[in-house]
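Take a look at the structure below.
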Amino acid sequence: MHTKGRSNRRLLTAVTVTATAGLALGMSGPLAAATSGSAASPQVIDGTGGAYNDWGDEGTLSVSRHTNSNATRLWQTVLYADGARWRDGNGVNRPFTKYDIDGSFGWKTKSATKWWQAREELEDVDGIVGKETFGHADDFLDGPYRGGQVTYSGYQRDVAFKRLSGKYYVKIGTQWKVAAYNWRG
C-alpha cells in the first residue's frame, strides 16, 4: 500500500517542476514550442511535456457534463488512488472502491469528489471536476515514462495512465482506452 504523505507529494512535485522548468529554459526551436503548453481538446484528456501540468486546462466533469465517459473513468481512478469516500443516504462515509470506477458520474462520484476537494482544501467544494480540481490533481502526476506511462501518486496507491501522441488512456479491464469526454467503454 502506498503511504506517501501530502508533504512528500508536494516536495516531489516542487523538485519535478523546478527540474523541468530548467530544462525548458534551455530549449529552443520546434521542440520548445511543442512543449510550452497545449490547448485543451474538447474530445479527449490531453497533454504534452511533463505530466505535472497536463490537466489544468481540461473540460468539466459532473452529473450533467460528460456524465458517461472514459474521462470520468480517469477521474474516478484518481478518487480510488486517493482513498476518497462518498456519503450514503444515511450519512455514512463509504470508501470509493475499484468497483466504483464505471465511467458514470453519478451521486457516488459527486460525493467522493466533494470529499476529495475538501481534503485538498480547494476553494470550490462542489462535486464538479473543473479546471481547479483537475489542475490540483495533476500536481501529483509524474512521467511520461517508457511506453507513455504516467503515474498518479495517490494517498493510498499509485495508479497508471498512458499518454500516447498527446492523448491520455485509461485501463478498462485488460485494454487501454482513450480518455474521451463523450465516450465510455
Side-chain angles (χ1 to χ4, degrees), residues 1-13 40 42 44-47 51-142 150-162 168-173 176-185:
M1 180 176 279
H2 183 65
T3 59
K4 269 188 199 174
R6 174 61 63 201
S7 61
N8 288 343
R9 284 173 47 172
R10 286 195 176 135
L11 177 61
L12 176 64
T13 299
V44 300
I45 294 181
D46 65 358
Y52 65 87
N53 67 357
D54 275 352
W55 295 349
D57 61 351
E58 287 301 326
T60 302
L61 303 172
S62 70
V63 293
S64 61
R65 302 229 7 165
H66 309 296
T67 304
N68 296 302
S69 68
N70 286 343
T72 292
R73 189 181 301 267
L74 179 140
W75 175 249
Q76 290 170 328
T77 303
V78 168
L79 294 173
Y80 169 69
D82 276 333
R85 302 186 71 76
W86 56 274
R87 188 175 306 264
D88 70 14
N90 296 321
V92 176
N93 279 328
R94 308 244 182 231
F96 196 86
T97 69
K98 192 172 193 174
Y99 301 105
D100 293 319
I101 303 171
D102 60 5
S104 180
F105 202 113
W107 60 273
K108 279 186 186 180
T109 302
K110 180 177 180 175
S111 178
T113 298
K114 285 182 176 182
W115 180 94
W116 190 93
Q117 291 167 328
R119 181 177 186 175
E120 297 299 320
E121 300 177 356
L122 298 184
E123 185 175 328
D124 294 325
V125 179
D126 55 8
I128 297 170
V129 182
K131 292 182 186 322
E132 179 189 25
T133 301
F134 260 138
H136 188 76
D138 75 7
D139 288 346
F140 309 108
L141 292 174
D142 195 28
V150 173
T151 303
Y152 178 84
S153 296
Y155 276 110
Q156 290 194 357
R157 60 193 57 85
D158 292 347
V159 293
F161 301 108
K162 285 197 182 256
Y168 269 84
Y169 290 77
V170 63
K171 196 163 193 177
I172 302 173
W176 291 97
K177 302 284 186 168
V178 69
Y181 282 99
N182 294 319
W183 187 73
R184 180 176 74 172

Below 30° counts as parallel, above 60° as perpendicular, anything between as tilted: where do the rings of Trp55 and Phe161 land? perpendicular
Separation of Asp142 CG from Thr151 OG1 (nearest 0.5 Å): 6.5 Å
Less than 4.5 Å apart, any side-chain heavy atom of Glu120 and any of Trp115? no
With sequence neighbours excluded, residues passing side-chain hydrogen bond (donor to acceptor under 3.5 Å, both in side chains) with Ser62: Ser64
With a 4.5 Å cut-off on side-chain heavy atoms, are Ile128 and Thr113 touching? no
Supply the atom-to-atom distance Thr133 OG1 to Leu61 CG, rounded to the nearest 0.5 angstrom. 9.5 Å
Rounded to the nearest 0.5 Å, what separates atom CG in Asp126 from atom CD in Gln117? 5.0 Å
Considering all heavy atoms, the nearest His66-Thr60 contact: CD2-O, 2.9 Å
What's the separation between atom NZ in Lys177 and atom CG in Leu74, rounded to the nearest 0.5 Å? 15.5 Å
Compute both the distance and the angle, then confirm whether Arg85 meets the cation-pi test with Phe96: under 6.0 Å from the six-membered ring centre, within 45 degrees of the axis. no
Heavy-atom nearest pair, Ser69 first then Ala180, reads CB-O, 3.3 Å
Excluding sequence neighbours, so at least two apart, what forms side chain to side chain contact (heavy atoms under 4.5 Å, CB included) with Ala51? Asp54, Leu141, Val150, Arg163, Tyr168
Between the main-chain N or O of Ala112 and the side-chain N or O of Arg87, is there a donor-acceptor pair closer than 3.5 Å? no
In chain order, what residues pass the side-chain hydrogen bond (donor to acceptor under 3.5 Å, both in side chains) check against Tyr169, with sequence neighbours excluded? none
Does one side chain, of Glu58 or Tyr181, offer a donor that lies under 3.5 Å from an acceptor on the other? yes
Quick one: are Glu123 and Glu132 in side-chain contact, heavy atoms under 4.5 Å? yes
Side-chain donor-acceptor pairs of residues 99-106 under 3.5 Å, sequence neighbours excluded:
from, atom 1, to, atom 2, distance (Å)
Asp100, OD1, Lys108, NZ, 3.2
Asp100, OD2, Thr97, N, 2.9
Asp100, OD2, Thr97, OG1, 3.3
Asp102, OD1, Gln76, NE2, 3.2
Asp102, OD1, Ser104, N, 2.9
Ser104, OG, Asn68, OD1, 3.1

Hits for salt bridge (charged side-chain N to carboxylate O under 4.0 Å, His left out) against Arg65, two or more places apart or cross-chain, chain-then-number order -> none
Can you tell me if Thr67 uses its side chain to pair, donor with acceptor, with the backbone of Val63 under 3.5 Å? yes
Test applied, side-chain contact (heavy atoms from CB on, under 4.5 Å); reference residue, Trp75; option that passes from Ile45, Asn70, Val129: Val129
From Thr77 atom OG1 to Lys98 atom NZ, the distance as rounded to the nearest 0.5 Å: 9.5 Å
Contacts of Asp88 that satisfy side chain to side chain contact (heavy atoms under 4.5 Å, CB included) - sequence neighbours left out: Trp86, Asn90, Val92, Arg94
Any side-chain donor-acceptor pair under 3.5 Å between Asp82 and Tyr152? yes
Note, Tyr155 side chain near Arg119 side chain (heavy atom, < 4.5 Å): yes
